[in-house]
K.L.:
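Can you keep this structure in mind? I'll have questions shortly.
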Amino acid sequence: MKKVIVTGGCGFIGSHTVVELQQKGYTVVIADDLSNSTPSVVENIGRITGEKPILEIVDLSDRTACLRFFKVHSDADAVIHFAAAKAVGESVSKPLHYYRNNIGSLLNVLDAMERSSCRTFVFSSSCTVYGQPDHLPVTEQTPRKPACSPYGNTKQVCEDVLADLVASCRTDKGKGGALSGASWKILSLRYFNPIGAHPSALIGELPNGEPNNLMPYITQTAAGIRPLLKVFGNDYPTPDGTPVRDYIHVCDLAEAHVKAMEYMQENGFEGMDCFNLGTGRGYSVLEVIGSFERVTGIKLAYEIAGRRDGDIAQIWADAGKAERLLGWKARRTLDEMTLSAWKWQENLQKKI
Ligand code: UDP
């Protein structure tokens, strides 16, 4: 049975990917510092799949701890790297933490992998690398724009680190240089807006404090934890004036990670490539609210407020490359996303 290391496997996208991996027969080891998650996630994954994944509590930005962890698990066949801080606003006030944590962890993980024979790596990237694109939908060829936040910048720098690493192996080979082991196989997955939760309602998004993102803000408002949702701007050049995003169900995203990993292992793939992971269709903030109200029957308390700094008007993916090469396509609807997010919130209220 193949073994996969999932860093950040207790987080939102990580935990759903762990479920998908286990259900496909993989053995999973999670490395997580629990800075933005709880160990109960592992219990709940076990309740879904019938098998509790191994959890090692480790801060991957601590080089010694990271190397020690990878030494113990040097027989892993692949690494899926989610572990990173992700709050855009917080990254503006704590840039050093974001650079140290997100870039430092990546460097440590790659260093540790170089000491093993594992060269298959999946990286969590984001559509934030595109900024506000000039043309829609965005393909993987769409030029990246300068990042709007330290968080966004860490995603770009990490992608650059990976590209340089792959290029250095090519140079090495050209010169007849010795490579320690096989060539790298790296995919950077650029997520659009992941929302929703597992249909069991046992795992989902667990924001730390007041949510930054739309979906948890909606569910917390509906649950009475927040008095009011502010819709940040209705004067954008979009059909109803509110910003448009490509929301994707987290379970679709989890399936894409397993397909991406298998694609690298089965197709003689070498080097690095990027994939957009979205549905290919955008919805406005008001459309998301409309879906939520329709599927839950709850009238949401919201008001139109001013624009949020750094927000773009609209973005959605051309996800054709993932369909052609990975054989993956997002299947779940917006209504499934908003309903599953609500079921998860309701379950949280019951203190699972
Ligand atoms: N949004 C909003 N109110 C909130 C949070 C988000 O109106 O409390 C809007 C935000 O302006 C954006 C969309 O919801 O247009 C998605 O925001 P989110 O932070 O979830 O993702 P982003 O696309 O900004 O990464």
Side-chain angles (χ1 to χ4, degrees), residues 11-13 36 84-92 98 102 124-133 136-138 144-145 147-156 189-197 204-250 253 276-279 281-293 300-317 334 337-338 340-342 344-345:
F12 176 40
I13 306 169
N36 200 13
K86 62 170 187 180
V88 176
E90 185 189 49
S91 79
V92 176
Y98 272 69
N102 293 6
S124 282
S125 191
S126 161
C127 69
T128 141
V129 300
Y130 299 117
Q132 174 63 73
L136 288 168
V138 286
R144 296 188 325 186
K145 291 243 172 104
C148 299
S149 68
Y151 162 77
N153 207 21
T154 66
K155 291 295 168 194
Q156 297 206 358
L189 305 182
R190 293 173 174 167
Y191 315 148
F192 282 67
N193 286 60
I195 60 170
E205 193 168 5
L206 253 187
N208 215 345
E210 191 175 349
N212 298 300
N213 298 114
L214 178 63
M215 197 68 239
Y217 217 105
I218 289 177
T219 57
Q220 289 197 6
T221 306
I225 302 167
R226 311 281 157 202
L228 188 73
L229 168 77
K230 286 187 173 148
V231 173
F232 296 137
N234 69 346
D235 56 352
Y236 285 95
T238 60
D240 64 22
T242 63
V244 169
R245 298 286 184 274
D246 186 340
Y247 296 93
I248 175 169
H249 197 296
V250 66
L253 208 51
N276 285 343
L277 298 182
T279 64
R281 116 145 249 200
Y283 287 99
S284 73
V285 175
L286 291 181
E287 284 176 310
V288 176
I289 293 171
S291 161
F292 180 84
E293 292 189 327
L300 197 71
Y302 72 90
E303 67 175 21
I304 306 295
R307 290 184 179 194
R308 182 171 71 175
D309 271 358
D311 269 354
I312 59 167
Q314 50 185 350
I315 188 166
W316 60 90
L334 179 64
M337 300 183 217
T338 53
S340 61
W342 176 239
W344 158 243
Q345 181 70 51

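Note that ligands are numbered from 1 as they come in the structure, with each ligand's atoms numbered from 1 the same way. Atoms considered below: every heavy atom in the structure, side chains included; atoms not considered: hydrogens, waters and symmetry mates.
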K.L.:
From atom 5 (C) of ligand 1, work out which of Ile312, Asn212, Asn193, Val88 has a heavy atom at the shortest distance.
P.N.:
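Result: the heavy atom closest to atom 5 (C) of ligand 1 is in Asn212.
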K.L.:
Which protein non-hydrogen atom lies closest to atom 19 (O) of ligand 1, naming both residue and atom, and how far is it?
P.N.:
Arg308 NH2, 2.9 Å
K.L.:
Distance to 0.1 Å, residue and atom name: give those for the protein heavy atom nearest to atom 12 (C) of ligand 1.
P.N.:
Arg245 NH2, 3.8 Å
K.L.:
What protein heavy atom sits nearest atom 18 (P) of ligand 1, and how far away is it?
P.N.:
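For this ligand atom, the closest protein heavy atom is Asn213 ND2, 3.5 Å.
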K.L.:
Quick one: nearest non-hydrogen protein atom to atom 20 (O) of ligand 1, plus distance?
P.N.:
Leu214 N, 2.9 Å
K.L.:
To check you understand the geometry: which heavy-atom pair defines the closest contact between Pro194 and Phe12, and what is its length?
P.N.:
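In terms of heavy atoms, the two residues are closest at O-CE2, 3.6 Å.
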K.L.:
State, to 0.1 Å, how close Ala222 and Trp342 come at their nearest heavy-atom pair, and which atoms those are.
P.N.:
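Taking Ala222 first and Trp342 second, the nearest heavy atoms are CB-CZ3, 3.6 Å.
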K.L.:
On a heavy-atom basis, I'd like to know which of Tyr217, Phe232, Tyr191 is closest to atom 4 (C) of ligand 1.
P.N.:
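Selected option, by shortest heavy-atom distance: Phe232.
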K.L.:
So, is Leu229 polar-close to ligand 1, with some N/O to N/O distance under 3.5 Å?
P.N.:
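N/O-N/O distance below 3.5 Å does not exist for this pair.
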K.L.:
To which protein heavy atom is atom 3 (N) of ligand 1 closest, and what is the distance rounded to 0.1 Å?
P.N.:
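So the nearest neighbour among protein heavy atoms is Lys230 O, 2.7 Å.
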K.L.:
Provide, to 0.1 Å, the distance between atom 9 (C) of ligand 1 and the closest protein heavy atom, together with that atom's residue and name.
P.N.:
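The answer is Val285 CG2, 3.8 Å.
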K.L.:
Counting only heavy atoms not in Asp311, do more than 12 sit closer than 6.0 Å to its CG atom?
P.N.:
yes
K.L.:
Indicate the atoms forming the closest heavy-atom contact of Arg190 with Val129, along with that distance.
P.N.:
NE-CG2, 3.6 Å
K.L.:
Which heavy atom of Val288 sits nearest to which heavy atom of Thr338, and what is that distance?
P.N.:
O-CG2, 4.0 Å
K.L.:
OG of Ser125 to CD of Gln156: how many Å apart, nearest 0.5 Å?
P.N.:
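The OG atom of Ser125 sits 8.0 Å away from the CD atom of Gln156.
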K.L.:
Answer yes or no: is there a side-chain heavy-atom contact under 4.5 Å between Asn212 and Pro207?
P.N.:
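When only atoms from C-beta onward are counted, Pro207 and Asn212 do not touch, as no gap falls below 4.5 Å.
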K.L.:
Name the closest protein heavy atom to atom 16 (C) of ligand 1, giving the residue it belongs to and the distance to 0.1 Å.
P.N.:
Tyr247 OH, 3.4 Å
K.L.:
Report the part of Met215 in contact with ligand 1, treating N, CA, C, O as backbone and CB onward as side chain, heavy atoms under 4.0 Å; options are side chain, backbone, both, neither.
P.N.:
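None of Met215 does.
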K.L.:
Can you tell me which residue and heavy atom of the protein come closest to atom 11 (O) of ligand 1, and the distance to 0.1 Å?
P.N.:
Asp311 OD2, 2.6 Å
K.L.:
Which heavy atom in Lys155 sits nearest to a heavy atom in Ala84, and how many Å separate them?
P.N.:
NZ-CB, 4.1 Å
K.L.:
At a 4.0 Å threshold, what atoms of ligand 1 neighbour a non-hydrogen atom of Val231?
P.N.:
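Near Val231, meaning under 4.0 Å from one of its heavy atoms, ligand 1 has 7 (O).
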K.L.:
About how many Å separate CZ of Arg245 and CG of Asn193, when rounded to the nearest 0.5 Å?
P.N.:
6.0 Å
